[in-house]
Amino acid sequence: MFTEEIKAFRRLGFRHVLLQALNFATVIASGLMIWKGLGIITNSESPIVVVLSGSMEPAFYRGDLLFLTNPVSERYKTGDITVYKIPGADIPIVHRVLETHDVPPKTRKARKAGEPDSQLMLTKGDNNYVDDLELYQGLQWLERKHIVGKVRGFLPYVGYVTIAMNDFPQLKYALLGVLGLLALLQRE
């Protein structure tokens with residue numbers, strides 16, 4: 001089945017294969033640098049996320065790709081759509097801010113230094129009947145440290161590729177294998 005590819009691979013020589021592997025590593029490193037650069041620019045650990053459930057319908061559907069920012073100086077308001085992560089849970093949740101509360105700094109020193117009030121939030125999915133208190137795993141409110149970012153834009157259904165790769169891990173490994181093989185056998 002792969003006899004032609006194996007013969008071509010042998011004809012290329014060690015140097016060419018090494019060069020192709022280096023090119024492949026460069027592409028991967030460039031992608032990671034772009035991801036980290038976006039994270040720094042947007043002040044978000046994950047500047048792009050995929051909607052994994054239908055809890056925000058009709059605003060966002062499963063598979064929509066969301067673009068986030070998390071400016072330090074900006075306060076969250078009721079109605080903002082946020083993405084948050086609870087400690088111990090790996091999956092970020094996309095929900096709308098239902099209620100906010102500002103809590104002044106606890107010490108005089110912090111107040112005199114001009115530290116901003118900390119902000120507490122309660123969220124809810126547009127398609128859910130109740131707020132997210134049960135999702136908070138014992139927390140009464142979300143704090144700013146739990147927020148990954150505020151939704152600034154989206155591309156509908158583009159994230160279904162990610163969902164398919166998570167639902168079918170064999171697809172992910174097959175795709176990575178084919179891409180790696182193509183990178184090694186590509187002649188330039």
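Just so we're clear, the structure is a prediction, and the values are computed from it rather than from any experiment. What's counted below: heavy atoms across the whole structure, side chains too, no hydrogens, waters or symmetry copies.
Residue Pro87 forms a side-chain contact (heavy atoms from CB on, under 4.5 Å) with just one option from Gln137, His146, Lys145, and that option is His146. Shown are Thr162, Val161, Val94; of these, the side-chain contact (heavy atoms from CB on, under 4.5 Å) with Val50 is made only by Thr162.
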Side chain to side chain contact (heavy atoms under 4.5 Å, CB included) between Phe154 and Tyr61, intermediate numbers included = CA-CA 10 Å; Phe154 75 102; Tyr61 292 91; over 6 Å; no

Evaluate the criterion side chain to side chain contact (heavy atoms under 4.5 Å, CB included) for residue pair His95 and Asn128; output intermediate values, then yes/no. CA-CA 10 Å; His95 280 174; Asn128 293 350; 3.6 Å; yes

- Task: Apply the test side chain to side chain donor-acceptor pair (under 3.5 Å) to residues Asn70 and Tyr76: give CA-CA distance (whole Å), side-chain angles for both, the deciding distance (0.1 Å), then the verdict.
- Result: CA-CA 10 Å; Asn70 194 12; Tyr76 285 88; 2.7 Å; yes

Item checked: CA sep, side-chain torsions, deciding dist, call: Asn166, Lys172, side chain to side chain contact (heavy atoms under 4.5 Å, CB included) -> CA-CA 8 Å; Asn166 283 336; Lys172 179 178 12 179; 4.2 Å; yes

- Before giving the answer on side chain to side chain contact (heavy atoms under 4.5 Å, CB included), spell out for Ile86 and Leu135 the whole-Å C-alpha distance, their side-chain angles and the decisive distance to 0.1 Å. CA-CA 8 Å; Ile86 298 298; Leu135 296 176; 5.6 Å; no

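Side-chain atoms of Asp167 never come within 3.5 Å of backbone atoms of Ala164 as a donor-acceptor pair (strictly under, hydrogens ignored). One N or O on the side chain of Arg96 and one on the backbone of Gly79 form a donor-acceptor pair closer than 3.5 Å. Judged purely by atom type and a 3.5 angstrom limit, Ser44 has no side-chain atom pairing as donor or acceptor with the backbone of Thr69. At least one donor-acceptor pair closer than 3.5 Å links the side chain of Arg62 to the backbone N or O of Leu52.
In plain terms, the two heavy atoms of Pro47 and Gly39 that are nearest each other are CG-N, 3.9 Å. Minimum heavy-atom separation, Glu57 to Asn127: O-CB, 3.5 Å. The minimum heavy-atom distance between Val97 and Thr123, with the atom names listed, is CA-CG2, 4.1 Å. Of all the heavy atoms in Gln119 and Arg75, the pair that sits closest is CB-NH2, 3.6 Å.
In terms of hydrophobic clustering, with Ile, Leu, Val, Met, Phe, Trp and Tyr side chains grouped at heavy-atom distances under 4.5 Å, Tyr160 and Leu175 are assigned to different clusters. Tyr157 and Val51 fall into different hydrophobic clusters, where Ile, Leu, Val, Met, Phe, Trp and Tyr residues are linked whenever their side-chain heavy atoms come under 4.5 Å apart, directly or through other members. Hydrophobic clustering places Trp141 together with Ile147 (ILVMFWY residues linked when any side-chain heavy atoms are closer than 4.5 Å, directly or through intermediates). Taken together through direct or relayed side-chain contacts under 4.5 Å among Ile, Leu, Val, Met, Phe, Trp and Tyr, Val49 and Met56 form part of one hydrophobic cluster. Under a hydrophobic clustering in which Ile, Leu, Val, Met, Phe, Trp and Tyr are joined whenever their side-chain heavy atoms come within less than 4.5 Å, directly or via other members, Val27 and Leu176 fall into different clusters.
For Leu22, the CG atom is densely surrounded, since the number of other residues' heavy atoms within 6.0 Å is greater than 12.
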